[in-house]
Amino acid sequence: MASIQASVKNKVRETTGRMVEINVDERLILPFGNLKVIVQNYNSVLTLSHLYRSSDALLVHENDAVHKICAKLMNIKQISFSDINQVLAHQLGSVFQPTYSAEGSFHYRRNPLGDLMENLVPHPEFKMLGVRNIPQMSENSLAYSTFTWAGLLKHLRQMLISNAKMEEGIDWQIRPPLPGLPSLSKMSLNKELHFNTSIANLLILRGKDVHSADLEGFKDPALYTSWLEPVNAFNVWRTQRAFSKYEKSAALVSNSQFLVKPLDMIVGKAWNMFASKAYVHQYTKFGIEEEDFLDSFALLEQVVASYCTL
Amino acid sequence: MTQSVIVQVGQCGNQIGCCFWDLALREHAAVNQAVLIDMEEGVVNEILQGPLRDVFDSKQLITDISGSGNNWAVGHKVFGSRYQEEILEKLRKSAEHCDCLQCFFVIHSMGGGTGSGLGTYLLKVLEDEFPEVYRFVTSVYPSGEDDVITSPYNSILAMKELNEHADCVLPIDNQSLFDIISKIDLVVNSGKLGTTIKPKSLVTSSAGTFKKWQEKPFDAMNNIVANLLLSLTSSARFEGSLNMDLNEISMNLVPFPQLHYLVSSLTPLYTLADVNVPPRRLDQMFSDAFSKDHQLIRADPKHSLYLACALMVRGNVQISDLRRNIERFDCVFFKIIYVYCLRQCSRVLRRPLCKF
């Protein structure tokens with residue numbers, strides 16, 4: 001069920017003499033694909049469209065993906081909601097735990113939310129952020145594993161470009177397109193190859209030898225859209241302090257095309273239902289008119305279209 | 001926790017209601033309120049003399065003497081207008097006792113006079129007086145061998161009212177209940193499962209309840225309906241990781257205002273002694289929920305069309321079990337236009353799983 005864990009953080013920050021107000025930073029959980037509330041697609045469409053208008057950024061998680069992580073990576077046989085919530089909490093923790101500020105390791109970052117916004121949302125039309133973590137495994141497997149930054153980052157990069165939600169079952173065939181192609185054919189080629197283009201990426205590294213990690217793979221311009229240079233599109237936060245039980249761990253918060261397909265599906269299903277006006281009377285009873293539905297559909301179609309043109 | 005008020009009308013309604021209270025009290029101290037209405041004294045008097053006499057007091061009863069004579073008009077027009085004030089007063093009192101009144105459950109039969117006529121008159125009253133509160137109606141429809149000659153008339157007249165004034169109707173027919181009982185008897189008496197069936201777990205059983213009087217012919221059947229109602233209201237009484245309100249049933253299962261008739265089914269009909277249900281047994285329960293044999297009304301949705309479906313699960317069932325079974329149904333069975341709504345209570349009780 002689409003539910004909003006709204007942490008309303010009202011922050012006011014001074015930049016270049018102006019007051020910039022960040023209104024709402026919301027975390028959003030998309031419903032399970034087939035474990036449903038019947039009207040969940042309606043609710044998702046209405047919620048998303050309203051949030052898109054009022055929020056500065058949306059951090060989106062998919063229940064299906066989290067469930068797979070529990071099943072495949074954590075090896076949990078009977079998955080309960082508390083298992084799912086654990087994974088979600090881990091994802092959030094990996095992003096919002098303190099990291100060093102830009103000036104160096106002597107201070108911690110004082111405004112992570114603001115920095116997140118600045119790094120990842122260069123354009124108000126593109127607000128959807130997703131998180132990927134590596135590694136993710138059960139306690140038992142952890143004892144037998146060792147990690148290198150090179151290995152972790154290689155996997156994470158491939159997860160990004162192939163739009164994988166976890167480190168198992170990554171499609172290694174997907175490669176960034178060759179440079180020098182005109183942008184239109186690049187777009188259609190990307191679509192064919194299922195390549196996930198990013199607007200911006202934020203890499204958060206936690207653990208031992210964090211300064212020795214090689215980040216060149218993420219600075220490749222082929223990963224990004226043509227209107228943003230990697231120097232602006234890619235940022236990294238670090239801290240020596242390990243997170244959770246992992247000696248080295250990385251989180252990637254990205255503003256990319258990752259949500260296009262799921263969102264399109266949700267909008268499609270909601271539209272099919274709306275075409276027959278099913279359940280609409282339940283909403284008009286409480287003040288949501290058909291007009292509101294149509295506005296929401298229009299907004300989300302626009303978002304999907306915008307992301308597709310990257 | 002939200003509360004409901006149970007309004008039992010007529011002979012059938014009151015008998016089912018009694019079974020319900022028996023079971024409910026066995027599970028949990030009574031929090032819900034009840035109003036008992038009957039235009040003849042027989043059934044209600046028996047209740048007041050039986051072990052449930054302490055549960056109800058005269059403030060909750062409305063009775064007359066001679067009954068409606070199986071005539072919908074008498075129940076609806078004559079008794080309706082005569083008792084309207086009194087009924088309203090009792091309902092208001094019950095509503096006041098609730099912290100958070102969510103719905104009215106009306107239990108009645110369609111074929112008679114009081115349940116059918118006065119029961120449906122009530123719906124209009126409830127709609128006017130408590131427009132925000134949901135009206136769930138459990139209606140027992142006449143079967144083929146019904147003994148009331150005027151039952152077709154009574155049913156049709158009542159249907160019109162249900163169409164317009166009920167939020168949700170659970171139609172039930174006696175023949176289906178009877179078939180379920182026969183099925184259980186067959187299994188129990190065949191000795192196939194031997195001593196592994198827990199007698200108290202039978203969905204027809206009133207063992208362990210307060211009722212000590214001799215089991216009457218309709219007792220087993222009434223118990224089935226009572227179990228259904230119990231499962232419906234359980235989410236309001238217990239916690240769960242994916243709990244639901246009754247208004248969610250109405251919300252998810254009623255795509256268009258007048259299409260509010262729900263086919264219900266219960267499973268299991270009995271439980272085995274072993275509490276830890278292996279996955280295969282659990283999967284079998286899910287399949288059973290969709291089987292014609294477990295339905296409380298004769299219908300064949302599988303060869304027809306599902307508009308919407310809700311599975312209410314009680315007990316130790318995890319998300320992964322639910323997902324696995326939903327995936328099975330998605331490809332195996334039928335074309336579903338709108339899909340499932342799944343809810344779960346996590347309290348471990350060996351109780352039926354019901355499907356609407």
Side-chain angles (χ1 to χ4, degrees), chain A residues 1-3 29 31-44 46 62-88 265-266 268-288 290, chain B residues 131-132 134 167-168 239-245 247-260 262 276-279 282 286 305-313 316-331 336-346 356:
Chain A
M1 200 151 101
S3 65
I29 311 221
F32 276 106
N34 69 346
L35 183 70
K36 309 177 225 221
V37 166
I38 291 173
V39 291
Q40 69 184 26
N41 295 312
Y42 276 174
N43 293 337
S44 303
L46 291 166
E62 294 170 75
N63 263 339
D64 278 331
V66 178
H67 193 268
K68 273 210 192 95
I69 291 175
C70 286
K72 298 268 162 65
L73 298 183
M74 314 293 282
N75 257 320
I76 305 174
K77 290 283 175 301
Q78 282 210 305
I79 300 166
S80 66
F81 270 119
S82 87
D83 297 317
I84 293 185
N85 291 340
Q86 286 265 64
V87 173
L88 285 169
M265 241 177 29
I266 291 177
K269 287 187 189 167
W271 183 253
N272 281 339
M273 221 191 262
F274 188 72
S276 60
K277 299 285 183 297
Y279 298 99
V280 173
H281 75 279
Q282 308 269 16
Y283 290 83
T284 51
K285 218 175 11 179
F286 295 102
I288 298 284
E290 290 189 18
Chain B
E132 304 285 313
Y134 282 85
D167 285 315
C168 224
E239 292 171 354
S241 58
L242 193 57
N243 220 341
M244 62 127 223
D245 272 336
N247 58 351
E248 290 185 35
I249 289 193
S250 171
M251 169 60 167
N252 282 288
L253 293 178
V254 182
F256 301 98
Q258 295 210 342
L259 301 185
H260 56 237
L262 310 180
N276 293 315
V277 179
L282 188 62
F286 275 92
L305 189 70
Y306 278 87
L307 281 181
C309 186
L311 282 163
M312 292 174 56
V313 181
N316 201 10
V317 181
Q318 297 299 345
I319 284 294
S320 42
D321 300 315
L322 297 173
R323 281 181 65 115
R324 181 179 68 245
N325 279 288
I326 294 297
E327 274 161 17
R328 276 201 305 141
F329 297 132
D330 259 348
C331 53
I336 311 175
I337 293 185
Y338 313 120
V339 287
Y340 308 89
C341 141
L342 219 49
R343 287 289 177 253
Q344 171 192 10
C345 301
S346 67
F356 297 102

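Chain naming here is simple, since letters A, B, ... match the order of the sequence lines and numbering starts at 1 in each. Note that the coordinates shown come from a computational prediction; the quantities given were computed from them, not determined experimentally.
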Undergrad: Quick check: closest heavy atoms across B:Ala308 and A:Tyr279, and the distance to 0.1 Å?
TA: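 Heavy atoms of B:Ala308 and A:Tyr279 come nearest at CB-OH, 3.3 Å.
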Undergrad: Go through the structure and list residues passing side-chain hydrogen bond (donor to acceptor under 3.5 Å, both in side chains) with A:Tyr283, not counting sequence neighbours.
TA: A:Asn43
Undergrad: Checking A:Asp83 now: which residues fulfil salt bridge (charged side-chain N to carboxylate O under 4.0 Å, His left out) with it, not counting sequence neighbours?
TA: none
Undergrad: Closest approach of A:Lys277 and B:Phe256, non-hydrogen atoms and distance?
TA: O-CE2, 3.5 Å
Undergrad: For B:Asn252 and A:Val39, work out which heavy atoms get closest and say how close.
TA: OD1-N, 3.4 Å
